[in-house]
Amino acid sequence: MLKYLDYTIDELRPYINWAYFYHAWGLSGKPQTEKERMLNDANNMLDTFGGRYRTHAVLGLFDANSVGDDLLLGNTRLPMLRQQHPTSDGAPNLCLADFVRPLSSGIADKAGCFATTVDAAMERDFTGDDYLRMLSQTLADRLAEATAEILHLQVRRSFWGYAPDENLSIRELLREEYQGIRPAIGYPSLPDTSVNFILDQLLDMKRIGIRLTESGAMKPHASVSGLMFAHPKAKYFDLGKIGDDQLRDYARRRHIPLELARRFLASRLQYK
C-alpha cells in the first residue's frame with residue numbers, strides 16, 4: 001500500500017516539538033524571555049507560511065520478514081546493521097530486522113517506510129535577511145518532523161491500525177509513549193543515508209518533491225525518511241561502531257563495492 005498525503009501548516013502546528021527548535025538556536029537553558037521572543041517570531045512566520053505552503057508525505061506499508069540481518073519489504077531486501085559493542089549487562093546486540101518475524105516462521109509480518117518534506121521554496125524564503133532565512137530553515141526542519149509525527153499517528157490509528165484506540169496527549173506523543181518506533185535514516189540505528197536509494201525505489205520520493213544526492217542525502221534539506229515498526233518491544237538504539245567484518249558483510253549484502261560501503265559508513269567504522 002502506498003499513500004501520498006499533504007498537510008497544512010495549521011494541521012501541523014500542534015505537533016511541532018519546540019524543544020528541538022530551541023536547541024537548534026542554542027536557547028536550551030536560556031531565560032524564558034529569550035525563548036518567548038523567539039517563539040513569537042516563529043509563530044508570526046508560521047502565520048505567513050499558512051496560506052502559501054504545505055508539507056508532503058509518502059507512506060508505504062508492506063508484508064515484511066527478516067532473513068538474518070536483512071529486512072524484507074515485499075520483494076525488496078534492505079540490509080540492516082547490528083550493534084557489535086560488548087554489553088556489560090548481557091543485553092543482546094540489536095538490529096532493526098529483529099523487530100519483524102523471521103521468514104523461517106512462515107508468518108508474514110508487516111513494516112512501513114516513509115518520507116516527509118516541505119515545499120522547497122520554504123527553505124529559500126527571506127534570502128535578503130540572514131536572521132529570517134535561518135528562522136525559516138529551522139521552522140522547515142520542525143515542520144518536516146511534525147509531518148512525520150502526525151503521519152505516524154495516522155499509521156498507528158488507521159492506515160496500519162495496530163493501535164486504533166490510542167489516545168495520547170501531544171506531550172505524550174512527543175515523549176514517544178506510543179507503541180512502535182519510526183527510526184529515521186541517518187540517525188543512530190540507521191546511519192547509512194544511501195539506504196534512501198532503496199526506499200526511493202519503494203516510495204518514488206520525487207512524487208513529493210524529494211531528490212537524492214550522490215550519497216543519498218535528501219533535498220530539500222528539511223526532509224525525513226525512515227522505517228516504521230509496530231512490535232511492542234521495538235525501541236530506539238545507537239548502532240555504535242562496527243568492525244571490518246560487518247562492513248564487508250554489509251557491502252556483500254548491499255551488492256556494492258567495499259570502498260563505497262566504507263565511504264557511506266565512515267563515521268561508524270571501528271579501527272584498531
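All values below were derived from every heavy atom in this structure, side-chain atoms included, with hydrogens, water molecules and symmetry-related copies excluded.
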Between Arg248 and Asp244, does a salt bridge (Lys or Arg N to Asp or Glu O under 4.0 Å) hold up when you go through it step by step?
-> CA-CA 6 Å; Arg248 292 176 180 276; Asp244 192 64; 2.7 Å; yes
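- Side-chain contact check for Pro102 versus Asn65: every heavy-atom pair is 4.5 Å or farther apart.
- Of all non-hydrogen atoms in Tyr236 and Arg182, the two that sit nearest each other are OH-N, 2.9 Å.
- Remark: the Tyr53 side chain and the Asp125 side chain contain an N/O donor-acceptor pair separated by less than 3.5 Å.
- At least one cation-pi condition fails for Arg133 and Phe126: the charged atom is not both under 6.0 angstrom from the six-membered ring centre and inside a 45 degree cone around its axis.
- Looking at heavy atoms from C-beta onward, Thr117 lies out of side-chain contact with Met218 at the 4.5 angstrom threshold.
- Leu78 is listed as a side-chain neighbour of Thr76, based on a closest heavy-atom distance under 4.5 Å.
- Residues Ser194 and Asp192 bring a donor and an acceptor atom of their side chains to less than 3.5 Å of each other.
- Taking every heavy atom of both residues into account, Pro191 and Ser189 meet most closely at CD-C, 3.6 Å.
- A tilted orientation is assigned to the rings of Tyr22 and Trp18, their planes being inclined by 30° to 60°.
- With a 4.5 Å cut-off on side-chain heavy atoms, Arg142 and Leu12 do not count as touching.
- Evaluated for a salt bridge (charged side-chain N to carboxylate O under 4.0 Å, His left out) with Arg82, the options Asp69, Asp249, Asp245, Asp70 yield exactly one hit, Asp69.
- With a 4.5 Å cut-off on side-chain heavy atoms, Phe62 and Lys110 do not count as touching.
- Taking the ring axis of Phe159 as reference, the NZ or CZ atom of Lys3 stays within 45° of it and closer than 6.0 Å to the ring centre.
- Under a cutoff of 6.0 Å and an axis angle of 45°, Arg156 and Tyr178 form a cation-pi pair.
- A heavy-atom distance below 4.5 Å is found between the side chains of Leu151 and Leu59.
- Asp119 and His56 share a donor-acceptor pair across their side chains, judged by distance under 3.5 Å alone.
- In this structure, Asn75 places its CG atom where only 12 or fewer heavy-atom neighbours from other residues, nucleotides or ligands lie under 6.0 Å away.
- More than 12 heavy atoms of other residues, nucleotides or ligands sit less than 6.0 Å from atom CZ of Arg175.
- Residue Tyr4 qualifies as enclosed at atom OH: its count of foreign heavy atoms under 6.0 Å is above 12.
- With a 4.5 Å cut-off on side-chain heavy atoms, Phe49 and Asp47 do not count as touching.
- Closest approach of Ser66 and Ala97 over heavy atoms only: CB-O, 3.3 Å.
- For the residue pair Ser215 and Arg263, no side-chain donor N or O sits within less than 3.5 Å of a side-chain acceptor on the partner.
- Contact between Leu212 and Asn196 at its shortest, heavy atoms only, is CD1-O, 3.7 Å.
- Side-chain contact between Thr55 and Thr116: absent, with no pair of heavy atoms (C-beta onward) separated by less than 4.5 Å.
- Side chains of Gln270 and Gln84: a donor-acceptor N/O pair is absent below 3.5 angstrom, by distance only.
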